[in-house]
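Quick notes on the structure that follows.
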Amino acid sequence: MHVSVVGSGYIGTTIAAWFAELGHTVTNVDIDEDVVAAVNNGEAPIHEPGLDELMAAHGGDALVATTDYDEVAGSDVTFLALPTPSNDDGSIDLSAMKAAAESLGDVIAEKDDDHLVVVKSTVIPGTTAETIAPIIEDASGKTVGEGFRIAMNPEFLREGFALDDFKDPDKIVIGAEDDQAVETLNRVYEPLVEAAAGDPAIVETGIREAEMIKYANNAFLATKVSLINELGNICKEYGVDAYEVADAIALDHRIDEHFLRSGLGWGGSCFPKDVAAIRAAARDRDYDPVLLDATVEVNDRQPERLLDLLDDHTDVAGKRVAVMGLAFKPGTDDIRYTRAVPVIEGLLERDAEIVAYDPVATENMREQYPDITYADSAAEALEGASAALFVTDWDEFGALDAEFEAMAEPVVIDGRRIVEPRDGIEYDGLTW
Ligand code: UGA
C-alpha cells in the first residue's frame, strides 16, 4: 500500500519508518525542511532507540519525506500525527491539526478516489468527526463517505520504547463508522499483525470511542501511579516499605505489576497533557472529575515530600546539593513536566547551591536554568555535595558506590528507589 504520514514527531517518525519496514511505500509530510532533509538522507530526525537503523534502511527509498502536500495524492491513506499541545486551561490546541486538515482537503479536492484520513493524534471525543472532517469538507468540496473517509487510530507508544511498542502492540484500535475505512486500516496493519511476536487484539469501534480509549488508557495509568504514590506516602508514615507492599498486591492478576513503582511521580509530554485535557473536557460538560483532579494533586505533592524529607536530614542553605537525573524518565532527554523542575525550584527557595547531572538531558535543562551548575558525570556531581537527590531512575545511578565517599555530607534522598542503602551514607527513600 501507499501510506502517507503527516508529522515527524516521535509518533509520526516511528510509524512512518515502521510502515516502510513492513513493506508499504511511505510519504512523510512535515513543514520543517531540516527534518525532511534528514529523513531523505536516511537519518533519524529524533532520538529513539532503533530508529537510526530503520531510517538508514528506508529513508530516501521506501520512505520519502516532503514539505509538499501534493505528494500525498498518490497514497491510499493519510495518518495525521501532529502535536496537540495544552492550552492554558488544559484543553488541546488543534491549530496544527486544523492547518494540516485544510492542506489535505486541497489535495483531496483533486483526487478521484475515496481517500482515507486517519487521526493518530490524541484528540477529545468528537474532534475527528466534528472539527477535522468539516475542515476537509470545506477545503475539498467533498463530503465524508463521498470523496473521502475518516477514521481514528490512537497510539500507545512509550517514548524511548516507541519502535518496540509499535512492532509488538497489545492492541490496535480502529475507530471508524464505515466498513471500507475498517477494511483499509486492517490492510495497513496486516503485515504488522503477521510479524508481531504476540497476538495483538484488533479493537474495531466507533470514532468517538477510539478517541476516548487513548485518554482512558493514559488517565488510568497516571491514576495507578498516583494511587501507589498515595499508598506509598501512607506507608512511609507508618515505617512500611511500599515496594514490598506493591510486589505483593501485584500478584493479584486484577492489579498486575506494571506502573506500581512509587516515588516522585509522572511527567513527560503525554500524561500531564492528556490528564489535563480530559479533566477540561469533563468540566466543559459540567462533570466534576474529582478522582482525576486528585491524580494530579498527589503527583504535584511528591516533589514537595522529597524536599520535606531532605529538610528532616539537613539544612541545605548555602550548601552544595546534587540533583541526580533531569529527564522525566530514563532513556530520554525529554524534560517536559519532569519532576526535576519542582525539585530544582524547591532547592532554589532553600538557597542551596545546585549541581545537576543527567547522562543526556543536561543541555535541555541548561536552556531553562542557565545559572545552575551542571556536572559531566555522576561522580563530579556528588563530589563535595552535602546532599544528593535522586530524581530519575537511570541505571548508572544504581551502580554508584565509592563515588558517595567524595560527598561532604553523605545525605542521599532517593525519589526512585534506584540507590541501594549502604554503610557510609545517610539514606532515605520517598515511600519506603
Ligand atoms: C505514556 C504511555 O505509557 C504510552 O502508552 C502513551 O502512548 C504515551 O504516554 C503517549 O500518550 O504518547 P510515556 O509518556 O513515554 O508514555 O512514558 P511512561 O513510560 O508511560 O512513563 C510516564 C511517567 O510515569 C514517567 O515519568 C515515569 O517515571 C512515571 N512512572 C511510570 C512512575 O512513576 N511509576 C511507574 O510505575 C511507571
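One-based numbering, in listed order, for ligands and for the atoms of each. The residues of the chain are indexed from 1 along the displayed sequence. Computed from heavy atoms alone, side chains included, the values below leave out hydrogens, waters and symmetry copies.
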Protein residue, atom and distance nearest to [atom], heavy-atom basis:
atom	value
atom 20 (O) of ligand 1	F259 CZ, 3.3 Å
atom 5 (O) of ligand 1	F156 O, 2.9 Å
atom 17 (O) of ligand 1	K329 NZ, 3.2 Å
atom 12 (O) of ligand 1	C270 SG, 2.7 Å
atom 33 (O) of ligand 1	R416 NH1, 3.3 Å
atom 6 (C) of ligand 1	L157 O, 3.3 Å
atom 30 (N) of ligand 1	V225 CG2, 4.2 Å
atom 36 (O) of ligand 1	R261 N, 2.9 Å

Need the ligand 1 atom indices (1-based, order shown) with element for anything under 4.0 Å from a heavy-atom of [X].
X	answer
E155	7 (O)
L260	36 (O)
D274	11 (O)
E159	15 (O)
K214	7 (O), 10 (C), 11 (O), 12 (O)

Donor + acceptor pair across side chains of [X], [Y] (<3.5 Å):
X	Y	result
E159	T332	yes
T128	E211	yes
S8	N28	yes

Less than 4.0 Å between a side-chain N and a carboxylate O, is that true for [Y] and [X]?
X	Y	value
E130	R208	yes
D393	R417	no
K98	E102	no

Query - Ring geometry between F259 and F271 (parallel below 30°, tilted from 30 to 60°, perpendicular above 60°) - result: tilted

Query raised in the report: Of all the heavy atoms in G265, does at least one lie under 4.0 Å from an atom in ligand 1?
Result: yes

Requested in this report: Answer yes or no: is there a donor N or O on one side and an acceptor on the other, between the side chain of N364 and the main chain of D333, under 3.5 Å?
Outcome: yes

Report summary line: Checking heavy-atom distances from atom 29 (C) of ligand 1 to each of W266, Y215, F271, the winner is W266

